[in-house]
Amino acid sequence: MSQTTRLRPEEPVRLERDRLAALYASVGEVQAEEIICRAMEELAMRLALMERAYAACEMQALAKGARGLVAIAEQVGMTCLAKVAGDVAICADERDSPALAATLSRLMRISDRSLTAVWDTADLSG
């Protein structure tokens, strides 16, 4: 009798709440929320572009998208997402297919939770 185990990897999402609080303090509530909204839109767009680049085996475009994702994620305190995006860029640059598949899957898994966590935390102004 063969048994199949389905793995459901889950890890905590880490946010630098201090970075979000500093953003609110430096530019005010309205502008901080605009910055966060633009960052979330840009993150979603880059993730979609990265998925398409991966499907088309365009490793240079994938690595470039991942490095851009790092910068945006760091701006809004998404440290876990930034770290994994950096790992994706390294794997794409090195053309390490198995590692790239695993890290890109990890990036996609944590992206939704990271985006939700930022919105849940973003109400730091009041």
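Numbers for residues simply follow the sequence, beginning at 1.
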Quick one, [X] and [Y] - any side-chain contact, counting heavy atoms below 4.5 Å?
X   : Y   : value
I72 : R46 : yes
E29 : E34 : no
R19 : Q75 : no

message: For E42, is there an ion pair with R38 - N to carboxylate O distance below 4.0 angstrom?
response: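 No, R38 and E42 are not salt-bridged.
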query: Do you reckon M40 sits in the same ILVMFWY cluster as M45, going by side-chain contacts under 4.5 Å, direct or chained?
result: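 M40 and M45: separate clusters.
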message: Are I90 and M59 linked, directly or through intermediate hydrophobic residues, by side-chain heavy-atom contacts shorter than 4.5 Å (ILVMFWY only)?
response: no
Straight-line distance of I36 CD1 to E33 CD, nearest 0.5 Å: 7.0 Å
For [X] and [Y], which heavy atoms make the closest approach, and how far apart are they?
X    : Y    : value
R109 : R113 : O-NH1, 4.0 Å
V70  : A82  : CG2-O, 3.4 Å
L107 : L81  : CD1-CD1, 3.3 Å
A85  : L69  : CB-CD2, 3.6 Å
L23  : I35  : CD1-CD1, 3.9 Å
V76  : A39  : CG1-CB, 3.8 Å

Can you list, pair by pair, the side-chain donor-acceptor contacts under 3.5 Å of residues 47-56, counting residues two or more places apart and other chains?
none

Which pairs would a plain distance check flag for residues 91-98, meaning a side-chain donor or acceptor within less than 3.5 Å of a matching protein atom at least two apart in sequence or in another chain?
from : atom 1 : to  : atom 2 : distance (Å)
D93  : OD2    : R67 : NH1    : 2.9
R95  : NH1    : A92 : O      : 3.1
D96  : OD1    : A99 : N      : 3.3

